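All of these numbers come straight from a predicted model, not from anything done at the bench.
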Amino acid sequence: MNYQETLSYLFSRLPMFTRVGSAAYKANLDNIISFCEELDNPQEKFKSIHVAGTNGKGSTSHMLAAILQTAGYKTGLYTSPHLRDFRERIRINGKMISETDVVNFVAENKAVIEKLEPSFFEATVAMAFNHFEKHHIDIAVIEVGLGGRLDSTNIINPLLSVITNIGMDHMAILGEKIEQIAAEKAGIIKPNIPVVVGEKQEEIAEIFTEKASSCNSSIRFASDEWEIKSNQKDQLDINTISVEVLNKNNPESHENYLLDLTGTYQLKNLATVLSSVDELRKIDYKISNEHVFNALSQVKNLTGLMGRWQILQTNPMVICDTGHNEAGIIEVVKNIESVKFEKLHVVIGMVKDKEIGNVLKLLPNKATYYFCQPDIPRAKEAMELMIEAREYFLIGDAYKSV
């Protein structure tokens, strides 16, 4: 098979969460354990950082990867889902896995795939671990796919566990209450491995502290440690945002950074990143303030991150952003409100297994809407989305393609 045939084989044969939703989720680690045993357990042959959370884990993972590669470490990065190219999921020092490597992995392991019948995600995780081992990386940043405790990535034994925040998402799988969701995310906490939690949420903080205590693992909450504010007057002045960072434990300490990830929600992610860097320094990673400064100003260039308050063109101004739950959409809307414009046009599509009404009620009604749908079975049909949006006074037409 060539590359396109290989992707078609994976997409058609293996259940994929992005396409079909919870039917692709397997509530155990049996398949990924078996698959990696067939590969001689590559995940045990490189160091790693594990990143979970409801929102922000992708951006946090990319920032950490950018910092590590700027500091001279050969850095693997595994994230999901992809936006345009499957190979976005697996990178080393920002470079995507080659088409040849994807083809060869599937060809070499086709018998295993057909015997185990893994999910698309399980196969992709195994591919990433195999790729990182083969290329002798120094460290990998591994983003959790969904949840934590039973996520396929949770067979690694990382140097550091990171949990960004907890919100209401994937309730059908992770639980209807925020405490249940937090317990699933806390499942990535391992014995004697330090933990950074980005956002301290009083109603669930104890779930993390108790799990860390039972594992004899140190824990810190980044939001207790950093005060970060933007110095930017207008979101669209330039392609970077200037921020001032105060260390709450050392009021004399002030740092200024330029971030090329300009969404306001990145301020929370930055706190998580800074606490994580501090933990890495404790275990003897040589990361200077200059490394951090340089990396944060060019995360997109270093890692290939796309779709986070990304300016696609300026005349007219076109911005791409992603949000997959209420908390994410609140941040998107907050960014829209910080921009000066004469007329707002919103191109939007969703999947049908989300709390769609809860998202639509957050969107501005002084805009023209273009309702469309992703090209997957899980899509909310554009016409249905348009009709439901009218209940929230969001007016526009349905379109067959983005």
Side-chain angles (χ1 to χ4, degrees), residues 55-67 69-70 77 79 81-85 87-89 91 94-96 143 164 228-245 256-270 273 292-325 327-350 359 362-364 366-372 374 394 396 399 401-402:
N55 292 303
K57 61 184 181 290
S59 295
T60 297
S61 296
H62 282 80
M63 284 194 245
L64 285 170
I67 290 167
Q69 68 190 68
T70 300
L77 176 62
T79 58
H82 62 273
L83 288 182
R84 296 177 62 183
D85 187 330
R87 299 180 303 135
E88 294 165 27
R89 295 168 179 250
R91 298 177 183 266
K95 185 178 179 182
M96 293 189 292
E143 180 195 11
T164 56
I228 302 177
K229 59 184 181 180
S230 167
N231 295 325
Q232 211 77 357
K233 295 291 187 291
D234 187 329
Q235 275 285 304
L236 303 182
D237 281 348
I238 48 175
N239 286 316
T240 56
I241 182 171
S242 171
V243 299
E244 181 181 8
V245 177
N256 290 290
Y257 295 102
L258 289 176
L259 309 183
D260 73 334
L261 303 182
T262 56
T264 54
Y265 45 82
Q266 301 297 356
L267 305 190
K268 293 180 186 178
N269 295 333
L270 177 58
V273 167
V292 177
F293 182 89
N294 289 340
L296 292 176
S297 67
Q298 50 180 335
V299 174
K300 289 185 285 191
N301 182 50
L302 289 168
T303 68
L305 179 63
M306 296 185 292
R308 308 305 198 278
W309 198 251
Q310 181 179 351
I311 298 172
L312 302 182
Q313 65 179 56
T314 55
N315 190 25
M317 182 63 68
V318 179
I319 300 169
C320 173
D321 209 341
T322 53
H324 58 97
N325 49 44
I329 296 299
I330 285 170
E331 296 294 343
V332 173
V333 172
K334 192 186 299 181
N335 282 324
I336 292 172
E337 290 172 347
S338 73
V339 177
K340 295 173 184 172
F341 54 82
E342 291 179 23
K343 179 67 179 171
L344 177 64
H345 301 264
V346 180
V347 181
I348 183 170
M350 295 186 68
V359 168
L362 298 170
L363 298 173
K366 290 185 178 177
T368 299
Y369 282 81
Y370 303 77
F371 300 102
C372 54
L394 307 179
Y399 295 84
S401 76
V402 175

Salt bridge present between Lys334 and Glu337 (N-O < 4.0 angstrom): no
Taking every heavy atom of Gly58 against every heavy atom of Glu143, the minimum-distance pair comes out as N-OE2, 3.5 Å
Between CG of Leu261 and NZ of Lys300, what distance do you get to the nearest 0.5 Å? 6.5 Å
Identify the two heavy atoms, one from Leu305 and one from Arg308, that lie closest to each other, and give their separation to 0.1 Å. CD1-NH1, 3.5 Å
Does a side-chain heavy-atom distance below 4.5 Å link Glu244 with Ser230? no
With a 4.5 Å cut-off on side-chain heavy atoms, are Glu331 and Lys268 touching? yes
Once rounded to the nearest 0.5 Å, what's the spacing between atom CG of Leu83 and atom CZ of Arg89? 10.0 Å
If you look at every heavy atom in Ile228 and Val245, which pair is closest and at what distance? CG1-CG2, 4.0 Å
Answer yes or no: is there a side-chain heavy-atom contact under 4.5 Å between Met317 and Phe341? no
To the nearest 0.5 Å, what is the distance between CD1 (Ile330) and OH (Tyr265)? 14.0 Å
Taking the side chain as every heavy atom from C-beta outward, state whether Val332 and Leu362 have any pair of such atoms under 4.5 Å apart. no
Assess the side chains of Asn301 and Asp260: does a donor N or O sit below 3.5 Å from an acceptor N or O? no
Hey, is the main chain of Thr303 close enough, under 3.5 Å, to the side chain of Arg91 for a donor-acceptor pair? yes
Would a 4.5 Å heavy-atom cut-off, applied to side chains only, mark Ile348 and Cys372 as touching? no
Correct closest heavy-atom pair for His62 and Leu77 would be CD2-CD2, 3.5 Å
Between CD1 of Ile311 and CD1 of Ile319, what distance do you get to the nearest 0.5 Å? 5.5 Å
Min side-chain heavy-atom separation Leu296-Leu270 under 4.5 Å: yes
Let me see the working for Asn335 and Asp321 under side chain to side chain contact (heavy atoms under 4.5 Å, CB included), right down to the final yes or no. CA-CA 10 Å; Asn335 282 324; Asp321 209 341; 4.2 Å; yes
Please report the interatomic distance CE(Met63) to CG(Leu302), rounded to the nearest 0.5 Å. 12.5 Å
Taking the side chain as C-beta and beyond, is there a heavy-atom pair between Thr368 and Leu344 under 4.5 Å? no
Thr70 side chain reached by Phe293 side chain, heavy atoms, under 4.5 Å: no
Evaluation steps, side chain to side chain contact (heavy atoms under 4.5 Å, CB included), between Val346 and Leu363: CA-CA 10 Å; Val346 180; Leu363 298 173; 5.6 Å; no
Counting only heavy atoms from other residues, nucleotides and ligands, does the tally under 6.0 Å from NZ of Lys366 exceed 12? no
Taking atom CG of Leu258 and atom OG of Ser297, what is their separation to the nearest 0.5 Å? 6.5 Å
So which heavy atom on Tyr257 is nearest to which on Val292, and how close? CE2-CG1, 3.8 Å
Specify the closest pair of heavy atoms between Val333 and Pro364, including all atoms of both residues, with the distance to one decimal. CG2-CD, 4.3 Å
Just by modelled atom types, is the Gly56 backbone N or O under 3.5 Å from a matching donor or acceptor in the Ser59 side chain? no
Using a distance-only test with no angle check, is there a side-chain donor-acceptor pair under 3.5 angstrom linking Glu88 and Thr79? no
